[in-house]
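Predicted, not measured: the structure shown is a model, and the values here were computed from it. One-based numbering, in listed order, for ligands and for the atoms of each. Numbering starts at 1 and runs along the sequence shown.
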Amino acid sequence: MAKLRFKAIELAQNRKPIEVKELQKRSELFGKNVFNENTMRQYLTKEAYNGVISAIELGNKIDRKIADQVSSSMKEWALSKGVTHYTHWFQPLTGATAEKHDAFFETIGGGMAIEKFGGSQLVQQEPDASSFPNGGIRNTFEARGYTAWDPTSPAFIYGTTLCIPTIFVAYTGEALDYKTPLLRALHAIDAAATDVCRYFDKNVKKVTSSLGWEQEYFLIDKALANSRPDIAMTGRTLLGHSPAKGQQLDDHYFGAIPTRALNFMRDLEIESMLLGIPVKTRHNEVAPNQFELAPIYEEANLAVDHNSLLMDLMGRVASRHDFKVLFHEKPFAGVNGSGKHNNWSLSTDTGVNLLSPGKTPMSNLQFLTFFINTIKAVDTYEELLRGAIASASNDHRLGANEAPPAIISVFIGAQLTQVLEELEGVTKGKLSPEEKTDLKLNVVGKIPDVLLDNTDRNRTSPFAFTGNKFEFRAVGSMANCANPMTVLNTIVAKQLKDFKVEVDKLIDKKDLKKDEAVFNVLREYIKSSKKILFEGNGYGEAWEKEAKKRGLSNNKTTPEALKAKISKIAIDLFEEMDVMSKVESEARYEIEIEEYTLRIQIESRVLGDIAGNHIVPTAVRYQNMLIANVKGLKEIFGKDFEEHASQQIHLIKGISNHIEAIHAKVDEMINARKKANKLNDAVKKAEMYCKDVKPFLDEIRYHCDKLELMVDDEIWPLTKYRELLFTR
Ligand code: ADP
Ligand code: MG
């Protein structure tokens, strides 16, 4: 093992940066491999083009004749670019993307063949779906799954394959993927937000939800990463002592990007451009070898697809540059973890960002309406939002060793806090002309100015307003954004729907003017959702205590957090908003619970194996070397040997103690696992893994890490933190 470690270090140290040639401007590359509007205009008949556009913009169905035209044009376009295969590209609940390639090639008899791709192949496929998670849906209905074309996300060429983004559903209609509920949620927010917008502007016909994600990741030399079985099997290090130099010096953040990493990024950016992923920013993150990449924000469904595609692409491009990308939320203990901030906003087809303060009091009232309704939605459904980002790996961030905490709260900054305070004082019922003028001039009218200097950005908040968008920061770096985006859009849709009912009631029954009614309802919302607003430091016990007093949830582990997904509140919500049926909600819960168990189980097995087969034998070897040394000293010094061998004897004893502890704890961990595995109830099993198995991971690690400090570096089998993190 130690041989492997030193070989990997040597390889890593001798790497030369892989050259990346940039022959064309980025703007010229952008979207070249995408069947986007521009390409469609060239390849489609006017009828087919209009059919696809109305499907994208209005959600209209594409009929068979149009589908045939589109597929044949897509094929022509793809063939002109050297493509040989096509696939439906979808996002099953495994977390990875899935594809099954078929060749265009088909024989037509008489020894001849053609390239064929018909409308039916574009519109629907039946992948062998039995190996994808379904949470019991397919078993219950004994139906197969199928994939169906999502025309709102354009087809693209990946390698030599034409990829067609699709949803993945059971024959009975239940969603088996991330995209289907997201599309339904986006439909719900469109409907609810458009209704509310029409209080302010009758011309609004559609509201689009936008997402701009910021992907954090670690980039580790491929040989070094592969030399660690824990990274290979679990995506994180299960042991390893912190290096003497961590991130204390803060010299990595926004520092110069090392050449090898920079070349990887440039290569990745070029590939992203071709695929139409508008990546824009890149920089170092807090930890050594940690980086971030962010695109220009896009319509949420497309942004989700682009994030999934990019994560896949990153792995491939990294390999070309002899790197491995780690997406795990906490690959290294004691080193800053990775997240994926989800920047979210709503905009109208008239070009207005509903979360951006406007220039007139009326547009600001619209802004405040969407701003306050979002806060209210987060307040009502905070536990569900927490559930949407729960995973075994994200548990290492939320509520564990770093901010943001597992408590969901909203940060809005001092100025907007003050605006809300003033609105809270609005008179109930009809407003006097003076009050109206005062509100317009001094409260609602002043927002754009104050926001400009709203620079106090709280980095520990899980959900922060940042000028013209909300930033959901608690999302994990490994996560598919569809999950949090489905929940966020659904809860805000539901909230806006309720808001509309309440405002209409005041207008109809109490004879209030529209703006009076809006002010009245917003005032009540501000009062009732105060507990979710928090401006302070979200990291630490003080906030936990305070949050408990306020009645906010603090679900620190995934089994606790996931429960919210099948609460009556959640099931009713998703049913009411036509996002998920009860069966679908329950299936997802089951899948995620099982996924949790599986992750902990794998980590526990891998650690047991490394501790027993790598760490302990190495420690014994070193101990034998010490024993030989002590024996030698005894030969030379006779009865005085102890004076010269005291340090060695101390080490020998210490090593024995740690070995003993490792053996005992690995045994206990295996027993805990056996006990848990006997349980038939998936939820109880996950809870047991969480409560009785998981703690051993840290306990065993502790002893292994102590041994790392004692044992001769020359024979230590596992590549060390300093080697993983500081080899450039
Ligand atoms: P940070 O300081 O957190 O890095 P940035 O201002 O750089 O924030 O923006 C981060 C992300 O937010 C980018 O992906 C950007 O495209 C996205 N973003 C900006 N405006 C919006 C918006 N209105 N809606 C959604 N995302 C947005
Ligand atoms: Mg951010």
Side-chain angles (χ1 to χ4, degrees), residues 26 30 182 185-186 189-190 193 197 206-217 252-254 257 265 268-269 272-273 276-287 290-311 314 336-358 363 366-367 370-371 374 403-404 410-413 416 447-448 451-477 479 481-482 484-486 488-489 492 538:
R26 300 277 169 99
F30 188 69
L182 174 66
L186 294 174
I189 189 92
D190 174 14
C197 275
K206 187 178 166 74
V207 171
T208 307
S209 166
S210 306
L211 164 65
W213 39 262
E214 302 166 65
Q215 179 72 54
E216 291 183 334
Y217 61 97
H252 187 67
Y253 198 50
F254 285 115
I257 300 172
M265 289 176 196
L268 175 67
E269 284 160 7
S272 301
M273 283 297 121
I277 308 173
V279 293
K280 187 151 168 83
T281 34
R282 51 156 112 116
H283 60 78
N284 290 349
E285 265 302 324
V286 185
Q290 189 189 28
F291 304 95
E292 182 190 293
L293 175 145
I296 296 168
Y297 66 95
E298 300 176 283
E299 185 277 322
N301 176 41
L302 186 59
V304 167
D305 281 0
H306 278 167
N307 182 246
S308 293
L309 181 56
L310 180 97
M311 287 171 78
M314 283 172 83
N336 190 60
S338 300
K340 177 151 53 198
H341 295 177
N342 277 206
N343 295 274
W344 171 86
S345 68
L346 296 171
S347 58
T348 66
D349 57 344
T350 54
V352 174
N353 176 354
L354 296 168
L355 289 169
S356 183
S363 64
Q366 175 171 283
F367 158 71
F370 283 90
F371 177 68
T374 304
V410 182
F411 171 87
I412 59 171
L416 282 166
I447 297 170
L451 261 194
L452 285 180
D453 50 87
N454 180 17
T455 45
D456 51 337
R457 302 182 64 178
N458 182 329
R459 293 267 158 204
T460 60
S461 174
F463 199 93
F465 184 72
T466 48
N468 60 357
K469 60 190 188 298
F470 278 99
E471 187 167 344
F472 192 8
R473 299 212 188 99
V475 182
S477 47
C481 306
M485 280 298 111
T486 300
L488 181 57
N489 284 294
V492 176

Colleague: Regarding ligand 1, does Ser345 bring an N or O atom to under 3.5 Å of one of the ligand's N or O atoms?
Modeller: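 Yes, Ser345 has an N/O under 3.5 Å of an N/O on ligand 1.
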
Colleague: Looking only at heavy atoms, is any part of Leu355 under 4.0 Å from ligand 1, and if so is it the side chain, the backbone, or both, or is it neither?
Modeller: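 None of Leu355 does.
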
Colleague: Say you draw a straight line from NZ of Lys469 to CH2 of Trp344; how long is it, rounded to the nearest 0.5 Å?
Modeller: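 If I round to the nearest 0.5 Å, the distance is 13.0 Å.
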
Colleague: Should Glu214 be counted as touching ligand 1, given the test is an N or O pair under 3.5 Å?
Modeller: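 So ligand 1 has an N or O lying under 3.5 Å from an N or O of Glu214.
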
Colleague: Which atoms of ligand 1 are found less than 4.0 Å from any heavy atom of Glu471?
Modeller: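 So the atoms of ligand 1 that pass are 3 (O).
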
Colleague: Val492 and Phe470: side chain to side chain contact (heavy atoms under 4.5 Å, CB included), yes or no, with the steps?
Modeller: CA-CA 12 Å; Val492 176; Phe470 278 99; over 6 Å; no

Colleague: Quick one: does Lys280 get a heavy atom under 4.0 Å from ligand 1?
Modeller: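 Heavy atoms of Lys280 never come under 4.0 Å of ligand 1.
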
Colleague: Considering non-hydrogen atoms only, spot the tightest contact between Asp190 and Val207 and give its length.
Modeller: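 Of all heavy-atom pairs spanning Asp190 and Val207, the closest is OD1-N, 2.9 Å.
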
Colleague: State, to 0.1 Å, how close Leu355 and Phe465 come at their nearest heavy-atom pair, and which atoms those are.
Modeller: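 For Leu355 versus Phe465, the nearest heavy atoms are O-CZ, 3.4 Å.
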
Colleague: State whether the shortest distance between N or O atoms of Trp344 and N or O atoms of ligand 1 falls below 3.5 angstrom.
Modeller: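 No; the residue has no nitrogen or oxygen that sits under 3.5 Å from a nitrogen or oxygen of the ligand.
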
Colleague: Starting at NE2 of His306, measure out to OH of Tyr297 and round the result to the nearest 0.5 Å.
Modeller: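 The distance works out to 16.0 Å.
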
Colleague: Can you name the residues that form a side-chain contact (heavy atoms from CB on, under 4.5 Å) with Asn307, not counting sequence neighbours?
Modeller: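 Once residues adjacent in sequence are excluded, the partners of Asn307 under the side-chain contact (heavy atoms from CB on, under 4.5 Å) criterion are Trp213, Gln215, Met311, Lys340, Cys481.
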
Colleague: Kindly confirm or rule out an N or O of Tyr297 lying under 3.5 angstrom from an N or O of ligand 1.
Modeller: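 Indeed, backbone or side chain, Tyr297 has an N or O that close.
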
Colleague: With heavy atoms under 4.0 Å as the rule, classify the contact between Ile296 and ligand 1 as side chain, backbone, both or neither.
Modeller: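 The answer is the backbone.
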
Colleague: Can you name the atoms of ligand 1, numbered from 1 with element, that are less than 4.0 Å from a heavy atom of Asn353?
Modeller: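 Checking each atom against Asn353, I get 23 (N).
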
Colleague: Tell me whether Pro295 has any N or O atom under 3.5 angstrom from an N or O of ligand 1.
Modeller: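 Yes; the residue has a nitrogen or oxygen that sits under 3.5 Å from a nitrogen or oxygen of the ligand.
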
Colleague: Would you mind running through ligand 1 and noting each atom that sits below 4.0 Å from a heavy atom of Asn468?
Modeller: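 Result: 23 (N).
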
Colleague: For Glu216 and Gly339, which heavy atoms make the closest approach, and how far apart are they?
Modeller: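 Taking every non-hydrogen atom into account, OE1-N, 2.7 Å.
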
Colleague: Atom OG in Ser347, atom CZ in Phe370: separation rounded to 0.5 Å?
Modeller: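 Interatomic distance, Ser347 OG to Phe370 CZ, rounded to 0.5 Å: 11.0 Å.
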
